[in-house]
Amino acid sequence: MDQFMIRAVELAINNVQDGGQPFGAVLVKGDEVIAEGVNELHKNFDISGHAELLAIRRAQKQLQTNDLTGYTMYASGEPCAMCLTAMYFAGIEEIFFCQSVDDASKVGLGKSKFIYDELKKPREQRQLKIKQMNLTTGHVNPMLLWNDKAKQ
């Protein structure tokens, strides 16, 4: 709905005027706004303080749930890989955005485009080195521990 996107863009504009980045998000269920957020990196020195993540956190805390199935996210900018992943984990079913990752890159906000490009590469070709280490003998495997507890 247009009014939710207008609100997301208003939040982004206000955030720029407050010294932040041009990102705002509105989480909606049906016709009701459940939570909002803006990028707060400039306030809290928290790289995960993205508009969409903050809206998700606020909604989950308010509703006391991790399951946001049936919810829709309106974002002033195309979600970065981190925010998109959180939306998958939360069960959000629909996302509308105004400006693309390419648009953001053109104005100097190119980290999202870089990360999306990096994720297309095999692990060994990525700029960030990532290596799997096996558990040493005698240590409890936390995934097996969780699996055992889940079966109880």
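What you are looking at is a predicted structure, and each value in this text was computed from that prediction instead of being measured.
There is no path of hydrophobic side-chain contacts, each under 4.5 Å, that joins V33 to I92.
With contacts defined as side-chain heavy-atom distances shorter than 4.5 Å, the pair M5/D2 does not qualify. Side-chain contact between R57 and L54 is present, with at least one heavy-atom pair separated by less than 4.5 Å.
Ion pairing between a basic and an acidic side chain is recognised when a charged N comes within 4.0 Å of a carboxylate O; R7 and E10 show such pairing. At a threshold of 4.0 Å, the pair K106-D102 does not count as salt-bridged, since none of the basic side-chain nitrogens sits closer than that to a carboxylate oxygen. Ion pairing between a basic and an acidic side chain is recognised when a charged N comes within 4.0 Å of a carboxylate O; D148 and K151 show no such pairing. A salt bridge is defined here as a Lys NZ or Arg NE, NH1 or NH2 lying under 4.0 Å from an Asp or Glu carboxylate O, and K129 with E118 fails to meet this definition.
Considering all non-hydrogen atoms of both residues, A12 and F23 come closest at CB-N, 3.6 Å. For A51 against N39, the heavy-atom pair with the smallest separation is N-OD1, 2.8 Å.
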For this session: Could you please spell out the steps behind the side-chain contact (heavy atoms from CB on, under 4.5 Å) verdict for V28 and F96?
Result: CA-CA 11 Å; V28 174; F96 294 95; over 6 Å; no

Problem set entry | E94 and K29: CA distance, side-chain angles, deciding distance, salt bridge (charged side-chain N to carboxylate O under 4.0 Å, His left out) verdict | CA-CA 10 Å; E94 199 167 24; K29 180 144 190 193; over 6 Å; no

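Among E40, E52, E36, the one residue that satisfies the salt bridge (Lys or Arg N to Asp or Glu O under 4.0 Å) test with R58 is E40.
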